[in-house]
Amino acid sequence: SHGYARWTDIQNDGAFGVINEPFKGEASKGNFLEMKNKFLARRFKLLEQALVIEEQLRRAAYLNMTQDPSHPAMALNTRFAEVECLAESHQHLSKESLAGNKPANAVLHKVLNQLEELLSDMKADVTRLPATLSRIPPIAARLQMSERSILSRLASK
């Protein structure tokens, strides 16, 4: 609702207050805003990468590219499953880390680093996918709808 990369607007929106939670205890530090902005930008970038990769996987599935185990789409698929598993099995850590649990915080940082490495590997996998994938018309073109109308249709259901 705020537009692409409008971090400040998103941070200041009460509806997204949860993204400010991890920084409640850090507000007194001098470089607080810079630290918070860097952290959020990094997380949004990871999310954006994951969405791009998810779209690539969807296109790969659309072309039935899951047959050949040596195909880059298969490596992507495997890594995507790892990302999902890692995220789901450790989702409780952020709450515990917020509550001041130092061991949980340490594990959370390790998990976030693992996720970042996996996403980086997936980015490399995406570049190895055949060019035919990029020639599939995007979903908006296939549905003959704008991205905005697709999003509003999804949101209204």
Side-chain angles (χ1 to χ4, degrees), residues 1-62 65-66 69-129 133 138-140 147-157:
S1 63
H2 293 290
Y4 183 73
R6 305 275 310 254
W7 311 132
T8 311
D9 294 342
I10 294 167
Q11 287 174 53
N12 296 333
D13 187 328
F16 304 114
V18 70
I19 63 173
N20 293 309
E21 287 298 316
F23 309 101
K24 285 238 161 84
E26 309 288 323
S28 59
K29 293 188 179 165
N31 63 342
F32 163 71
L33 265 180
E34 182 196 348
M35 189 177 72
K36 181 170 123 174
N37 287 338
K38 267 189 182 162
F39 176 87
L40 289 173
R42 190 168 159 216
R43 292 294 160 257
F44 283 126
K45 191 168 172 48
L46 286 173
L47 177 63
E48 186 179 53
Q49 285 175 351
L51 289 170
V52 165
I53 288 162
E54 192 176 30
E55 169 66 7
Q56 295 284 7
L57 285 173
R58 193 192 56 67
R59 289 181 181 197
Y62 178 77
M65 291 183 140
T66 53
S70 64
H71 194 284
M74 288 305 282
L76 252 182
N77 214 10
T78 306
R79 287 199 175 101
F80 189 75
E82 280 181 60
V83 165
E84 252 182 346
C85 181
L86 201 57
E88 278 175 26
S89 60
H90 293 87
Q91 62 186 12
H92 63 286
L93 285 176
S94 58
K95 264 192 192 128
E96 290 176 34
S97 175
L98 273 176
N101 180 333
K102 286 214 159 66
N105 192 36
V107 175
L108 180 64
H109 279 279
K110 280 194 175 128
V111 169
L112 289 173
N113 285 334
Q114 279 179 283
L115 287 171
E116 205 162 13
E117 279 175 34
L118 277 166
L119 285 170
S120 176
D121 291 343
M122 290 171 84
K123 220 171 159 182
D125 290 337
V126 167
T127 62
R128 291 179 19 242
L129 289 173
L133 277 186
I139 192 82
E147 204 169 298
R148 182 164 282 181
S149 57
I150 292 172
L151 287 172
S152 64
R153 176 79 59 89
L154 287 170
S156 66
K157 283 193 175 165

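Hydrogens, waters and symmetry mates play no part in the numbers below; they use all other heavy atoms, side chains included.
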Report the residues that fulfil side-chain contact (heavy atoms from CB on, under 4.5 Å) with [X], sequence neighbours left out, ordered by chain and then residue number.
X: Asn12; answer: Thr8
X: Leu47; answer: Leu51
X: Val111; answer: Leu86, His90, Leu93, Val107, Gln114, Leu115
X: Ala50; answer: Leu119

Report the residues that fulfil side chain to side chain donor-acceptor pair (under 3.5 Å) with [X], sequence neighbours left out, ordered by chain and then residue number.
X: Ser97; result: Asn105
X: Ser149; result: Ser146
X: Gln49; result: none
X: Asn101; result: none

Rounded to the nearest 0.5 Å, how far does [atom2] of [Y] lie from [atom1] of [X]?
X: Asn77; Y: Gln56; atom1: CG; atom2: CD; answer: 13.0 Å
X: Leu112; Y: Phe39; atom1: CG; atom2: CZ; answer: 6.5 Å
X: Arg79; Y: Asp125; atom1: CZ; atom2: CG; answer: 4.5 Å
X: Leu108; Y: Leu98; atom1: CG; atom2: CG; answer: 9.0 Å

message = For residues 39-52, which residue pairs pass the salt bridge (charged side-chain N to carboxylate O under 4.0 Å, His left out) check, not counting sequence neighbours?
response =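 Matches after skipping sequence neighbours: Arg42-Glu116.
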key: Pairs satisfying salt bridge (charged side-chain N to carboxylate O under 4.0 Å, His left out), at least one member in residues 82-103, at least two apart   =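 Not a single pair qualifies under salt bridge (charged side-chain N to carboxylate O under 4.0 Å, His left out).
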Counterpart residues, salt bridge (charged side-chain N to carboxylate O under 4.0 Å, His left out), relative to Glu117 (two or more places apart) = none
task = Please report the C-alpha distance between Glu54 and Arg58 in whole Å, then the side-chain angles of each, then the deciding distance to 0.1 Å, and finally whether the salt bridge (Lys or Arg N to Asp or Glu O under 4.0 Å) criterion is met.
result = CA-CA 6 Å; Glu54 192 176 30; Arg58 193 192 56 67; over 6 Å; no
task = Under the ring pair (Phe, Tyr, Trp, His ring centres under 6.0 Å) rule, collect the residues that match up with Phe44, sequence neighbours excluded.
result = Trp7
query = Going by heavy atoms in the side chains, are Val83 and Met122 under 4.5 Å from each other?
reply = yes
